[in-house]
Visitor: 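Sharing a structure below in structure tokens format, with a few things to ask.
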Amino acid sequence: MTEEKCPQLVDYFVVAGLAPGGSAPLDEEGQQRGCRVVEPVTDLAVIARGLGEEVPEGFTCIEKTQGGHPAELSAGLINNPHMYLCYRRGHDKPPILDLGVLYEGKEVVKQGWYVIETTPYSRSASLSSGGPATHRTFLTYRRAPESQALHTLGVTDISLLLPSKGEVAPHTFCRVEKNLNTGIWGPALYLCYKRAVAKANALVYEAGLISRYPEADVESFPLPESVPMFCLPMGVTVESWPLNTKYQLPVFSTFVLTSACGDKVYGAAIQFYEAFPRECLSERQSVRLGLVSVVDRRPITNRTLQVKKSVCVLSHWPFFTVFQKFLTFVYRYSISGPHVLPLEKHISSFMHNVPFPSPQRPRILVQLSPYDNLLLCQPVSSPLLLSGASFVKLLQNLGPENACVLLLAVLTEHKLLLHSLRPDVLTSVSEALVSMTFPLRWHCPYIPLCPLRLADVLCAPMPFIVGVHSSYFDLYDPPTDVVCVDLDTNTIFQAEDKKPLSWRSLPRKQGKMLVNTLTNLMKTLEKIYTTGQEEATLEFLLTDYDLIYGRQKQLELEIQEAFLRFMSCLLRGYRAYLLPITQAPSDRTTDCSSLFNLQGFLKSRERTHQKFYTQLTRTQMFTQFIEECSFVSDRHACLEFFDECVQKSDVEKPEEVRLIDLDEAHSGEHTVFIMPPEEPQEPDGSESCLSVYSYETFPVLCMDLFDRPQDQLRVPTKGSAPSSPAPRRTKQEIKLAQKRAQIYSAVPDMWSKCLLGHCYGLWFIYLPTFVRAESAKVRALQTAYEVLKHMETRKMVLPDEVCYRILMQLCGQYGQPVLAVRVLLEMKKAGITPNTITYAYYNKAVLESKWPSTNQGGRLRWAKLRNVLMAVAQFRQPIKQRQKSGSVGTRTGLDIFTCYLFFTICNHKYISLRYTIIVCFPFLCSQCRPPGPRDTVSRKAVDENYNNVSPPSRGSLAGKLQQLLTPTRHRLSGRRAASVGARRSGGENGPVRRVSEQRPSRKAQVAESLLKAKERLYTATSEVRGQHSSLSVGSDVDLPDTTNLAFPLRKSWDTNQEGAGLEVLMSSCSLCRSCNSLVYDEEIMAGWTSDDSNLNSSCPFCSTTFVPLLNAEICDLGPVILGHNGGSSVGGSPQVTVAYLSPLVLRKELESLLENEGEAVLAQGQLLDSHSIIFWNMVWYFHRLGLPSNLLQLVRSSPLANQLAQVTPLPGFSWENSAVRVRLLWDTLTPDTDHWPPLYILWRMHSGVPMRNHSWRRHNHPFTLAFLEEVLRWVGMNEVHKGITLLLETTAKQPGTPKIQRSLYREMLFLTLAAMGRDHVAAFDKKYKAAYQRLSGSLGREELRRKRAQPPSPKAVDCRRSFLLPLEC
């Protein structure tokens, strides 16, 4: 099978800017818009007007606060010098970046900060009195470095405010949280400032598409027309720069597009400037840009003209860091050169050759050039949806309390407007906002980076989350009903007429737990991302990427886990209030009020939080969440993961529970290297040295220079829920099954039930194939339902809900909604709460299927029929009373009268005679007829169908041994049954004999009469032969009777074709090569582990691990050919040997097969040829449990049947229409004839029982007939320890090593069962265990173990009891 193609990482490469022909001519006024030019603040000064100081030249004095009050900095001093703050704008210096306040003596000056210690007139600039008891207060600032380019962040506005006067910081202003007034009186005074990009003279235009690759749209994802606007959200700017302006570095930005079907597409872009020709400008535009003097229109030569452009990639995966490195490489490649290869070669190589990292290739190292590379790591394996969220940036920019405030705003669906001067931060924080409410999903407008042209969405009358560049507020004011969040200053602005949002409105316990967790994580974050640590981290990143990546991911997951824990506690117990659909659907069936018990959910919450929960349940998010939980969607894996988190959080201290585990896939050793595109070569094979590609500006892409993909990567498509009943398990179900198996493997009685549950899970995985092949679909579904009921009666441990889910899906597929409801009720009866996936498929089945008619006419008829039956029952009361009094003579007359009355009442136009006779007549006459022989025969046939053992004759040897081994209570019940049978037969044919006359008086007499003559031995064994003397693991007295099975077992053998068919003999008995011992089925099961990838079992004798084998032999059921020992010949029959897999391993392999090759492979002949291990293991388990299947039909057309036809050729015969019978054997199919024959084989040889011929060699073994009779005698006398001692002494007298492959327990068990039948496995186990305990004191436990005399482990015994149906020998 070829490896599946990986998803494509990048879908489109786009170049956006001022498109030639795409925009209107530059001299049209309608396409241009000027923006206000604001110069940055470059200098600050403090003056003391009370001391005669004036405002310096070029400076502006701040005389008023925001509310118009005096802005004196020293208002609280006794000798007030009337100090004021002044500032100067310009471009002659690097701009000031930050302002601050320094309390001298309490803190030190930070590195890179300057202190305003004096006024321009050399006086002290301290804002405090400066006395000995006070600390001086100074203003500080931080300036941009000299190497900073023209367009950089800088302080553009400064303001002072008095909070006591009701003044607040203006929008987009940052407030310094230190009081300037340190005096003993006067109001508190605070400094605030605004940072913005210092813009030059510019013309702004709408962005257009310059070029793209590929040119044709991808079918599943056409390129949106709005992509250029998102690449340049503030438009294309044509700017005039001073001639000596430093080179501008590219600006990285990200954005998210949401398609109509809800898919997210992630964009990563870099914006850069390149030269623009002056000839394209009109005279008016040149004047506006300062390129021409206003007076004489003379050109100004000391300025350059630049235009903004952007390159972008679109992907379904948010690998923003990787995309930034790739785009930066492409941009640097375009401004350097010349190069040998064109730019298009590198773009096509990255798009066509770099796949999405998968578990098979967790690390992908892309070599872009000899000096540039980038690393892609597989994302954290989590059911949470992959997004571009950065919870670290969320906590860095908002802090713990503001992050919780925004959580409240999102949960109650407020209008949120995020803004920042950093475009990439907008996307990361916006994605975190919509991710932290998981599992609730934001369905309202969502634009993390909104272009200026789409800013009208801020006036929409619905909730939204929109992010804009902070320069938007230089042009417009935000709406009054919008909550504005400034990510640069960590401030939240709300409307004054509304109550401000507070995190304390969240449920108290959950909210406090969240804030405390985020506060602790914030402290850890500050330690990691300090300035010094950051520089060290960058150096360390070059040598050990994994350590840094792991530390960042761990912190990211811990923050995300805090929000997930909050949501789990918030919605705890919500599944108990989901309302399943149990009736025929109506118009309001799919309403949220019909799917969820809202009032019950609200009543289960605390009364103090009713307001919050009421607001939450009215949101569109919550309504959609309930619908996703109730119906099939593509978020089932996520919702199931959330349900698991809810269960984990339902503890006393949920903050200590881990919900998300860090995936270690990124630290894997398997790395795939992607090499750069190959350079062209000369005809002689040498590399070309011609460098012909260089670019003055970023080029328009040439399609002829792109390399066409040789092996096209698969374009990612939207995942959807399967419509067909494919047996898919989510990762959470697989992990849960593994955890349960690990726990149950240490508990003997639970391990067998766990294996049994996986076996039934295997059959339900096969069920869709079985139902599809059956002509009676409804009957097959009913059979599966009976299997479910039988599973519930056996109290087995199901690893998951796949059994119920598949049957529900099939009910929906074949239109059986009533059966689906019964399956749900059976599921609840078993104590299983359906998870999100099962619940959704159930509702889908009952909602989309056609329900049976519910007209009132049928109901009325059945109601009248019920009344008739009740009336007849009342008339029958005198009959019962007369029977009690002994007056039986009038019964016939009363019954005739009752029947006459019944038919008289039934003579109604609504009740037909057919219903009267078929439905009601058996009710009347059930007690009138005596039990006939037909009932007895049918009951006997049923018993023989499920338990192919009839009780042996009490006169035979086997009957007497069975009587001795039977516990007392069962013997008494058997005697009662025999007495009743004799009494009945005596009533018909003669007098009744007393049971005591048939019963022996003493055990000694029985034992003495067992071996009087050899003829009696052969008489007894011949009787046993006629009573199916094969071995069994499912008919012992302590197990429930297999006749309780309610589902019909599929018979693979047609009795009408006796002697013309195939027989498949199968055995799981395997040889341990280490100790040369045969290990049997239940011992193999007990040795399996809970690892679903481990094929080994452990030997019970030497504890060595080995791979058990499953053997199958195909035989012809033609005329029986007797060998020289009286057995049928087996020479030439084809045999198959495969690994015997644990049900856990087999299920994993089967699910992998269905995922890779589809469900149809289970009905194709290639299953037996290409996947023989899976096929034969399924045949073994299905027949072991008596479950119906169509797998044997594949044997008839297989090469094995053809091989058998060549061995026994019959002219004109074909196996296509022949029957196939399967026999499951306990002992090995191919015994080693170099060893001594087992005791039960010797017994059958002496008895003359026909057997399969294995050509046993003649050995000098000590096991004579007298020895076998003696062993049986001790077993019959309930002195098994003497039989064990006899066997040990006999083998010890033989020279050399005894040639025995079976354990002592196995030899005696098989011998006993061959002589007496297979009904007493548990009784023999009990007696053998008691004998072993008795011998352990005299011989020693280690000596007995060395001689392989120990009984099977409790786990092995329980495995044998759990699999009821018998194995033959």
Side-chain angles (χ1 to χ4, degrees), residues 944-945 948-949 1025-1026 1028-1034 1049-1069 1081 1109-1123 1125-1138 1140 1165 1167-1169 1172 1175-1210 1213-1231 1241 1244 1249-1255 1318 1365-1369:
E944 293 179 353
N945 184 26
N948 298 321
V949 180
R1025 188 186 344 170
H1028 305 280
S1029 60
S1030 56
L1031 301 181
S1032 168
V1033 296
L1049 301 181
R1050 166 65 58 98
K1051 291 188 176 298
S1052 59
W1053 173 248
D1054 188 359
T1055 55
N1056 296 328
Q1057 298 182 4
E1058 184 70 35
L1062 294 175
E1063 183 178 48
V1064 181
L1065 303 178
M1066 300 185 69
S1067 173
S1068 61
C1069 180
D1081 189 70
L1109 300 178
L1110 186 64
N1111 298 279
E1113 181 180 325
I1114 314 298
C1115 304
D1116 178 15
L1117 284 178
V1120 179
I1121 304 175
L1122 296 180
N1125 287 334
S1128 60
S1129 176
V1130 295
S1133 299
Q1135 294 187 357
V1136 180
T1137 300
V1138 296
Y1140 184 26
L1167 178 67
L1168 193 149
D1169 302 330
S1172 58
F1175 173 81
W1176 289 111
N1177 276 274
M1178 289 172 61
V1179 172
W1180 170 266
Y1181 284 119
F1182 291 172
H1183 282 78
R1184 187 70 189 276
L1185 298 176
L1187 298 172
S1189 71
N1190 297 310
L1191 292 175
L1192 293 179
Q1193 297 178 4
L1194 305 180
V1195 178
R1196 298 183 300 191
S1197 59
S1198 66
L1200 296 174
N1202 298 332
Q1203 181 181 350
L1204 182 62
Q1206 296 175 3
V1207 175
T1208 57
L1210 295 175
F1213 180 74
S1214 176
W1215 298 110
E1216 292 294 333
N1217 298 321
S1218 61
V1220 182
R1221 180 172 67 183
V1222 176
R1223 292 176 58 197
L1224 307 182
L1225 304 184
W1226 206 344
D1227 205 358
T1228 178
L1229 285 178
T1230 56
I1241 292 293
R1244 289 181 175 176
V1249 178
M1251 296 179 302
R1252 301 172 64 245
N1253 182 16
H1254 294 296
S1255 301
R1318 56 187 181 180
L1365 291 185
L1367 292 179
E1368 302 177 6
C1369 183

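Residue numbers count from 1 along this sequence. Heavy-atom basis, side chains included; hydrogens, waters and symmetry copies ignored.
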Visitor: With a 4.5 Å heavy-atom cut-off, do His1183 and Leu1192 have their side chains touching?
Guide: yes
Visitor: Which residues satisfy the side chain to side chain donor-acceptor pair (under 3.5 Å) test with Trp1180, sequence neighbours excluded?
Guide: Tyr1140
Visitor: So which heavy atom on Asp1081 is nearest to which on Arg1184, and how close?
Guide: OD2-NH1, 2.6 Å
Visitor: If we only count heavy atoms from C-beta on, is the Asn1177 to Leu1110 side-chain gap below 4.5 Å?
Guide: yes
Visitor: Are the side chains of Val1064 and Trp1176 in touch, meaning some heavy atoms are under 4.5 Å apart?
Guide: yes
Visitor: Using every non-hydrogen atom in the two residues, find where Ser1172 and Leu1168 come nearest and quote the distance to one decimal.
Guide: CB-O, 3.3 Å
Visitor: Is there a side-chain contact between Gln1135 and Thr1230, using heavy atoms and a 4.5 Å cut-off?
Guide: yes
Visitor: Given side chain to side chain contact (heavy atoms under 4.5 Å, CB included), test Arg1223 with Met1066 step by step and report yes or no.
Guide: CA-CA 6 Å; Arg1223 292 176 58 197; Met1066 300 185 69; over 6 Å; no
Visitor: Should Ile1241 and Asp1227 count as side-chain neighbours, where that means a heavy-atom distance under 4.5 Å?
Guide: no
Visitor: Does any non-hydrogen side-chain atom of Val1136 lie less than 4.5 Å from one of Val1138?
Guide: yes
Visitor: Taking side-chain contact (heavy atoms from CB on, under 4.5 Å) as the test, write out the residues that go with Ser1067, two or more places apart.
Guide: Cys1069, Leu1225, Leu1229
Visitor: For the pair Leu1185 and Tyr1181, evaluate side chain to side chain contact (heavy atoms under 4.5 Å, CB included) and give the outcome as yes or no after the intermediate values.
Guide: CA-CA 6 Å; Leu1185 298 176; Tyr1181 284 119; 5.5 Å; no
